[in-house]
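It should be emphasised that the depicted structure is a prediction, and the values quoted were computed from it without experimental measurement. By convention in this document, chain letters (A, B, ...) are assigned in the order of the sequence lines, proteins followed by strands, and residues within each chain are numbered from 1.
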Protein chains: 2
Amino acid sequence: MELDPIDKALLNLLQQDSKQTNKALAYRLDMSVTAIFERIKKLENNGVLKKYVALVDHKVVDKNFSAFCHIKLAQHSRDFVVKFEKEVAKLPEVLECHHISGDYDYLLKVVVKDMEAFREFMVNKLTSIQHIGSTHSMFVINEVKNSTALELA
Amino acid sequence: MELDPIDKALLNLLQQDSKQTNKALAYRLDMSVTAIFERIKKLENNGVLKKYVALVDHKVVDKNFSAFCHIKLAQHSRDFVVKFEKEVAKLPEVLECHHISGDYDYLLKVVVKDMEAFREFMVNKLTSIQHIGSTHSMFVINEVKNSTALELA
DNA sequence: GCTGAAAGGTATGGAGG
DNA sequence: CCTCCATACCTTTCAGC
């Protein structure tokens with residue numbers, strides 16, 4: 001799908017705040033409410049707008065500990081890889097799992113309550129997945145920036 | 001703020017899909033629409049619900065290349081650290097910046113169009129920030145999981 | 001803190017340029 | 001691809017429990 005400058009401006013606004021009314025969006029982009037409505041529907045139907053989510057404050061909900069875990073598999077046969085990815089995706093503590101280049105195979109972002117919960121997670125959940133070779137964890141000391149928005153120009 | 005089990009169920013639902021109507025949420029949680037409305041307003045006012053955002057498909061908007069960059073500062077005096085964090089937070093290609101434990105000081109998530117755009121970003125934007133000692137980049141081969149939702153039990 | 005109804009605003013669909 | 005208009009639905013408020 002081709003995105004014109006108005007689509008991109010609209011996506012930038014919705015990535016910042018998806019609760020704006022179509023009326024407010026129409027005012028900002030100097031268009032009619034219906035025009036905005038049709039563009040949004042088109043972007044949704046074409047899969048450009050994937051989903052709308054609420055973001056919660058990690059501190060307030062008592063999940064104020066984040067870590068990044070490198071993981072190396074013990075074996076890399078197709079079946080093991082598929083199995084590992086399926087298992088790890090099921091863990092709610094794992095917000096992200098990326099297959100990456102470099103010394104390790106995967107990079108995981110793990111969010112839990114505190115260091116003790118993290119230890120619990122490592123011992124009882126992560127390392128109980130078969131075929132994990134080695135792990136290396138880095139703890140987040142401070143979150144300087146954490147955004148979900150891509151700047152569309 | 002104390003969260004009761006209904007608050008947590010509500011937050012779990014809104015983290016999955018923030019466009020559900022209060023009516024739909026009321027039905028799922030077996031409560032009145034007004035009760036849902038009041039709980040959401042309270043969660044918003046207390047900063048538990050931080051913001052509502054639309055998520056776009058990286059592929060469709062031509063940002064289908066992600067990398068994680070480790071960064072080590074050349075010097076760690078307070079002024080340099082503050083300056084670095086401020087500068088890096090301004091870069092739209094940097095979605096996340098975490099101050100982490102370990103061999104490096106920071107871990108960045110960078111999202112751009114392709115490898116060439118990444119090279120461009122590194123040469124012209126990132127490494128033009130003062131006081132960066134060394135960098136080490138890992139490229140995302142495949143995104144196994146990418147979620148923003150914390151499971152509240 | 002919850003309910004139900006009432007009021008106002010917004011999203012949605014159709015007719016037409 | 002846009003605007004204007006009509007209606008259905010949703011959010012928001014308020015009185016009362």
Open item on the list: Does C:dT12 have OP1 or OP2 under 4.0 Å away from a side-chain N or O of A:Lys41?
Closed with: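 So the side chain of A:Lys41 is within the cut-off, an N or O lying under 4.0 Å from OP1 or OP2 of C:dT12.
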
How many Å lie between [atom1] on [X] and [atom2] on [N], as a whole number?
X: A:Phe37; N: D:dA6; atom1: CZ; atom2: P; result: 18 Å
X: A:Ile36; N: D:dT3; atom1: CD1; atom2: C1'; result: 13 Å
X: B:Asn22; N: D:dT11; atom1: CG; atom2: C1'; result: 7 Å
X: B:Ile6; N: C:dC2; atom1: CD1; atom2: C1'; result: 10 Å
X: A:Lys19; N: D:dC10; atom1: NZ; atom2: C1'; result: 11 Å
X: B:Lys23; N: D:dC10; atom1: NZ; atom2: P; result: 5 Å
X: A:Leu25; N: C:dA11; atom1: CG; atom2: P; result: 8 Å

For the side chain of [X], starting at C-beta, report the closest nucleotide among [options].
X: A:Val33; options: C:dC2, C:dT12, D:dC1; value: C:dT12
X: A:Ser32; options: C:dT3, C:dA11, D:dT3; value: D:dT3
X: B:Arg39; options: D:dT12, C:dA11, C:dG1; value: C:dG1

Task: Within 6.0 angstrom of B:Asp103 CG, more than 12 heavy atoms from elsewhere - done: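 For B:Asp103, atom CG is not crowded (no more than 12 foreign heavy atoms under 6.0 Å).
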
TODO: Using side chain to side chain donor-acceptor pair (under 3.5 Å) as the criterion, point out the one residue from B:Lys125, B:Lys63, B:Lys109, B:Lys113 that pairs with B:Glu93.
DONE: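 Running side chain to side chain donor-acceptor pair (under 3.5 Å) over B:Lys125, B:Lys63, B:Lys109, B:Lys113 with B:Glu93 returns exactly one hit, B:Lys125.
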
Task: is_close_aromatic(A:Tyr106, A:His70), centroid dist under 6.0 Å - done: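 No - the distance between ring centres of A:Tyr106 and A:His70 does not fall below the 6.0 Å cut-off.
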
Open item on the list: Can a donor-acceptor pair be found, under 3.5 Å and without considering hydrogens, that links the side chain of B:Asp57 to the backbone of B:Lys59?
Closed with: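 Yes; at least one donor-acceptor contact below 3.5 Å.
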
